[in-house]
Amino acid sequence: MRLETAKEIGEGIKKARLALGWSQTELAAKIGSTQAVVSRFEASGDGRIETLLKITEALELQLVLLQRNNSQLWSRLQNS
């Protein structure tokens, strides 16, 4: 699943959580946080990167950074 905006990330987290049959409270307990934090993340993708990493680990998801089409980043990284 390719997610490009914070909102899409939040929606993806919600879909994964629901697929596992977990409540927001259950996910929050697994990451050592609160239901309100999970709710905010799912609604808007707003939150700390550390929280996102904990959520993805709990849901057995993996974050992957991809270069955008036509980006010059890859060639610059190879030349440095």
Side-chain angles (χ1 to χ4, degrees):
M1 171 176 9
R2 185 180 184 128
L3 308 171
E4 296 186 4
T5 67
K7 185 151 180 69
E8 287 175 349
I9 291 170
E11 291 168 356
I13 288 168
K14 181 177 181 178
K15 285 180 184 178
R17 176 183 59 76
L18 292 174
L20 291 170
W22 295 352
S23 68
Q24 289 180 341
T25 302
E26 289 172 307
L27 177 55
K30 292 177 186 299
I31 67 168
S33 191
T34 65
Q35 178 273 332
V37 168
V38 172
S39 177
R40 184 174 61 244
F41 223 108
E42 289 183 353
S44 65
D46 183 36
R48 298 176 53 186
I49 189 72
E50 293 87 357
T51 303
L52 176 59
L53 293 172
K54 288 178 184 178
I55 289 171
T56 57
E57 184 175 331
L59 295 172
E60 297 184 355
L61 298 173
Q62 181 180 24
L63 291 177
V64 178
L65 297 177
L66 298 174
Q67 176 182 338
R68 291 189 180 269
N69 292 339
N70 302 319
S71 171
Q72 296 178 7
L73 176 60
W74 183 249
S75 61
R76 290 180 184 181
L77 289 173
Q78 287 184 321
N79 293 329
S80 58

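When a residue number appears, it is its place in the shown sequence, counting from 1. Quick caveat, the model's predicted, so the values are computed rather than measured.
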Exercise answer: donor-acceptor pairs, residues 31-41 side-chain atoms, under 3.5 Å, sequence neighbours excluded:
residue	atom	partner	partner atom	Å
Thr34	OG1	Val37	N	3.3
Gln35	NE2	Gln24	OE1	2.5

Would you tabulate the side-chain donor-acceptor contacts of residues 6-17 under 3.5 Å, counting partners in other chains and residues two or more places apart, or write 'none'?
residue	atom	partner	partner atom	Å
Lys7	NZ	Ala43	O	3.2
Glu8	OE1	Glu4	N	2.6
Glu8	OE1	Thr5	N	3.3
Arg17	NE	Glu42	OE2	2.5
Arg17	NH1	Trp22	O	2.7
Arg17	NH2	Glu42	OE1	3.0
Arg17	NH2	Glu42	OE2	3.4

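Scanning for salt bridge (charged side-chain N to carboxylate O under 4.0 Å, His left out) contacts around Glu50 gives Arg48, with sequence neighbours left out. Listed by chain and residue number, nothing satisfies the side chain to side chain contact (heavy atoms under 4.5 Å, CB included) test with Glu57 (two or more places apart in sequence, or in another chain).
Considering only heavy atoms from C-beta on, Leu27 comes within 4.5 Å of Leu59 through its side chain.
The CD atom of Glu60 sits 7.5 Å away from the CG atom of Leu20 when rounded to the nearest 0.5 Å.
Linking ILVMFWY residues whenever their side-chain heavy atoms come closer than 4.5 Å, directly or via other members, leaves Leu18 and Leu61 in distinct clusters.
What you find for Lys30 and Ala58 is that their closest heavy atoms are CB-CB, 4.4 Å.
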